[in-house]
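Reading through the structure tokens given below for one structure.
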Number of protein chains: 2
Amino acid sequence: MNAEIIAVGTELLLGQIVNSNAQFLSNHLAEIGVDVFRHTAVGDNADRLLQVIKEAEKRADLLIFTGGLGPTKDDLTKETIANHVKKQLIYDEEALESIQIFFEKTKLKMTENNKKQALVMEDSTVLPNRNGMAPGMFLKTETNSYMLLPGPPKEMQPMFLSFGKPLLMQLIGQVEKIESKVLRFFGIGESQLETDLEDLILLQNNPTIAPLAGDGEVTIRITAKNSPNAKAEDLIQRVEEKIMERVGSYFYGYDQSSIMEEMVKLLKEQKKTIACAESLTGGLFQSELTSFSGTSEIFKGGIVCYSNKVKEQILGVANETLHTFGAVSEQCAKELAENVMTQFGTDYGISFTGVAGPDSLEGKKPGTVWIGLAEKGSETKAFLLQLVGSRNGIRKRTVKYGCHYVLQLL
Amino acid sequence: MNAEIIAVGTELLLGQIVNSNAQFLSNHLAEIGVDVFRHTAVGDNADRLLQVIKEAEKRADLLIFTGGLGPTKDDLTKETIANHVKKQLIYDEEALESIQIFFEKTKLKMTENNKKQALVMEDSTVLPNRNGMAPGMFLKTETNSYMLLPGPPKEMQPMFLSFGKPLLMQLIGQVEKIESKVLRFFGIGESQLETDLEDLILLQNNPTIAPLAGDGEVTIRITAKNSPNAKAEDLIQRVEEKIMERVGSYFYGYDQSSIMEEMVKLLKEQKKTIACAESLTGGLFQSELTSFSGTSEIFKGGIVCYSNKVKEQILGVANETLHTFGAVSEQCAKELAENVMTQFGTDYGISFTGVAGPDSLEGKKPGTVWIGLAEKGSETKAFLLQLVGSRNGIRKRTVKYGCHYVLQLL
């Protein structure tokens with residue numbers, strides 16, 4: 001089975017948003033062995049959309065559409081397709097009901113065009129939308145299959161994972177299954193990793209090994225098919241072991257995991273608690289930590305100490321420390337970590353202080369970062385980083401380094 | 001002039017990277033009045049690329065390609081196009097020289113296929129690459145124009161800005177200029193906004209009015225061309241006034257601004273300071289606030305009070321409050337906001353307490369949120385929200401509502 005992904009929305013052609021849906025879907029389609037040969041983005045224009053549909057039908061078995069299912073006049077994906085494949089639009093009771101519930105819940109006023117969102121193509125399988133109002137659809141004709149998904153990623157992604165992907169897997173049935181596994185590394189550069197694994201990568205065939213860098217991390221995707229002699233899972237396993245022998249010390253997790261998630265998991269397992277004092281990162285570490293549910297066992301709270309006055313008066317950093325060494329210093333990082341641990345009564349305390357830029361601070365360049373790490377009954381450590389990049393890039397990578405150091409401790 | 005943007009690279013179709021180049025280019029093309037009717041992504045396959053080229057040539061004046069200019073065997077954009085338009089590939093002296101300099105600098109070994117990157121199409125204008133090795137090209141034939149740009153954004157973006165865009169602006173010369181302006185709204189749904197503006201939107205022609213919803217906000221893009229009777233700017237101004245008469249109370253800013261940015265701006269202008277107590281949002285408000293540089297004038301710090309113990313012991317919420325009303329209550333939100341303001345000695349104090357989900361808390365459903373807002377010398381307010389969506393969706397929208405309420409106060 002091969003597919004094309006068609007995004008509908010003038011906002012894409014105006015560059016207002018990036019087509020992340022195409023990436024998400026391609027990733028998942030590759031996983032289940034559906035070849036994607038083309039992505040297209042087209043505006044909210046029925047004629048031009050129809051042209052895209054007609055061309056794609058000739059090349060691809062499956063056409064996946066994202067966007068254009070909204071309530072407004074320029075949302076015309078389902079109307080255009082229904083018209084083209086000669087299907088009526090009928091009200092879907094379940095969708096209508098969930099739209100009504102949404103409006104009752106949020107106490108917003110429901111308008112006539114919201115109702116339009118509950119219209120679906122006859123003979124199609126409805127894909128429920130648990131995070132929005134527009135239902136998705138799947139329709140199979142004699143020649144092609146059509147899957148219609150909403151545009152907002154927070155609606156599209158869960159809908160595809162819960163309903164679209166299982167449906168496609170069922171449809172393709174017994175095709176050759178492709179297995180893939182992603183290994184995640186932190187603290188090693190892409191070219192270093194590639195050099196360390198060069199011979200393995202060059203030998204790649206089944207499985208293939210694909211390194212990819214992004215956001216201060218490197219991942220390796222191992223992809224395999226069943227061979228006459230071995231199952232895909234076993235082929236992956238063997239290569240994974242070889243990779244781990246060489247660069248395992250930088251490994252932190254699999255697939256969609258994040259280094260923060262791994263830290264949270266380990267803290268929970270070991271029943272340890274952590275508190276945090278954030279200057280440079282301004283709350284980012286704690287905000288990412290609490291983005292996972294059930295973190296209250298390991299995290300009680302922390303302090304954002306953006307100014308020196310807060311560092312001194314609320315977190316008890318010695319005036320002399322700030323005077324002699326400055327806020328961006330090993331001494332200050334250590335005192336912050338220790339004091340926040342004591343104040344919140346936790347097992348660990350972590351602190352972030354540094355220069356996010358664009359300007360220098362205390363004569364220290366942007367990217368200069370100290371991370372303090374206190375542990376009950378142990379000597380407090382501090383780590384110096386010299387990062388490059390934008391203000392927010394530096395903040396994000398600082399948070400990842402924080403998780404990295406906590407993981408090393410656990 | 002109208003254009004299509006064609007991305008070449010199998011990594012796009014596998015979902016390994018997102019096509020951010022299409023967004024970047026579309027944004028800049030819209031700015032100079034080039035209409036983009038389609039984005040396409042195609043793999044590293046000469047036949048399929050050629051098919052895309054032939055189709056696009058029929059529809060568009062200008063074809064912009066990104067990717068496939070690298071040194072490896074699967075980089076075949078320029079070979080395919082050169083072959084199609086019957087142009088020889090010749091060595092570009094300047095490009096060859098800068099490749100040699102690169103290898104001297106980095107002390108890496110230059111290989112034969114690196115040399116291949118200095119090949120350009122005869123009769124084309126070479127676009128120098130200041131951040132990598134592959135030069136870009138621009139070629140004009142009798143029927144179409146072709147612009148070839150490298151795939152990595154850090155090479156493509158500066159090349160387009162320095163050489164590609166000026167070249168296109170010269171080419172289109174005196175064509176009509178398109179002006180556009182984005183108005184940003186918060187606190188109103190997309191369909192409500194569309195209902196309120198329906199007649200204006202239906203009358204749309206010049207200017208056009210396009211609403212777009214995303215992340216709890218709605219934006220309206222007004223786009224106009226100069227007409228014989230009025231300048232584009234004036235046409236936009238007139239429509240903007242009409243829109244503001246109807247839905248101006250939800251308006252918060254223009255173009256790429258965010259509601260947090262507007263809040264920061266106003267606090268700075270009015271020389272006011274704010275402190276924050278975050279339970280539900282776990283540091284997200286403060287982390288977004290400090291993502292802007294120069295916020296230390298208005299923000300000194302705050303407390304993440306994830307547990308009730310921290311609310312009580314560090315932020316001084318009365319035990320009785322927590323006992324009688326719970327942490328997710330009007331009373332608790334008010335005490336948190338007042339106490340954090342007092343503790344940090346600021347003009348305002350804001351607090352966030354609520355249920356992010358997935359589970360209920362204190363018998364309150366996920367999405368139940370209280371925002372407390374304290375102002376020196378005024379009565380403390382609290383606002384109740386009933387949000388729907390994922391855990392992180394609720395947290396993000398809560399932060400936006402926080403900014404919204406502070407803005408209303410300023």
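Heavy atoms only: backbone and side chains are in, while hydrogens, waters and symmetry mates are out.
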At what distance, to the nearest 0.5 angstrom, does [atom1] of [X] lie from [atom2] of [Y]?
X         : Y         : atom1 : atom2 : value
Ser26(A)  : Leu12(B)  : OG    : CG    : 8.5 Å
Ser20(B)  : Gln23(A)  : OG    : CD    : 9.5 Å
Ser191(B) : Met133(A) : OG    : CE    : 5.5 Å

Contact class of Val42(A) relative to chain B, heavy atoms under 4.5 angstrom: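 Contact with chain B: backbone and side chain both.
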Using non-hydrogen atoms only, which part of Phe292(A) is less than 4.5 Å away from chain B: side chain, backbone, both, or neither?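 Backbone only.
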For [X], is it the side chain, the backbone, both or neither that has a heavy atom under 4.5 Å from a heavy atom of chain A?
X         : value
Ile17(B)  : both
Lys309(B) : neither
Glu278(B) : neither
Ile303(B) : both
Phe24(B)  : neither
Ala41(B)  : both
Thr195(B) : side chain
Val182(B) : side chain

For a quick test of reading the model, state the closest non-hydrogen atom pair linking [X] to [Y] and the distance between them.
X         : Y         : answer
Val304(A) : Phe344(B) : O-CE2, 4.4 Å
Val36(B)  : Leu13(A)  : O-CD1, 3.3 Å
Leu14(A)  : Arg221(B) : CD1-CD, 3.7 Å
Ser287(A) : Gly283(B) : CB-C, 3.5 Å
Phe299(A) : Tyr306(B) : O-CD2, 3.6 Å
Ala210(A) : Gln16(B)  : CB-NE2, 3.9 Å

Is it the case that the side chains of Thr290(A) and Arg395(B) hold a donor-acceptor pair, with the cut-off being a distance below 3.5 Å and no angle test?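 A pair is found: one side chain offers a donor N or O, the other an acceptor, under 3.5 Å apart.
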For a 4.5 angstrom cut-off between non-hydrogen side-chain atoms, does Pro71(A) reach Glu194(B)?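 Heavy-atom side-chain distance check fails, nothing below 4.5 Å.
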In the structure I gave you, are the side-chain heavy atoms of His39(A) and His39(B) within less than 4.5 Å of one another anywhere?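 They are not in contact (no side-chain heavy atoms under 4.5 Å apart), so the answer is no.
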Max heavy-atom pair count under 4.5 Å with chain B, selected residue of [options]:
options                                   : answer
Gly357(A), Cys305(A), Ser291(A)           : Ser291(A)
Glu4(A), Gln286(A), Arg391(A), Glu11(A)   : Arg391(A)
Leu289(A), Asn392(A), Asn114(A), Asn19(A) : Asn392(A)
Gly43(A), Gly282(A), Ser296(A), Ala30(A)  : Gly282(A)

When Lys365(B), Glu190(B), Glu198(B), Lys300(B) are compared by non-hydrogen pairs under 4.5 Å with chain A, the top option: Lys300(B)
Tyr250(B) atom OH: more than 12 heavy-atom contacts under 6.0 Å: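 Open.
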Does atom NZ of Lys116(A) have more than 12 heavy-atom neighbours, drawn from other residues, nucleotides or ligands, at distances under 6.0 Å?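 Counting neighbours around NZ of Lys116(A), more than 12 heavy atoms of other residues, nucleotides or ligands fall under 6.0 Å, so yes.
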Salt-bridge present (Arg59(A), Glu55(B); N to O < 4.0 Å):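 Looking at Arg59(A) and Glu55(B), the cut-off is met.
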Indicate yes or no for a side-chain donor-acceptor contact from Arg38(B) to the backbone of Thr40(A) under 3.5 Å, with no hydrogens or angles considered.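 Such a contact is absent between Arg38(B) side chain and Thr40(A) backbone.
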What's the verdict on side chain to side chain contact (heavy atoms under 4.5 Å, CB included) for Val18(B) and Val18(A), showing C-alpha distance, side-chain angles and the deciding distance? CA-CA 8 Å; Val18(B) 69; Val18(A) 69; 3.9 Å; yes
Side chain to side chain donor-acceptor pair (under 3.5 Å) partners for Arg48(B), two or more places apart: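 Expected list: none.
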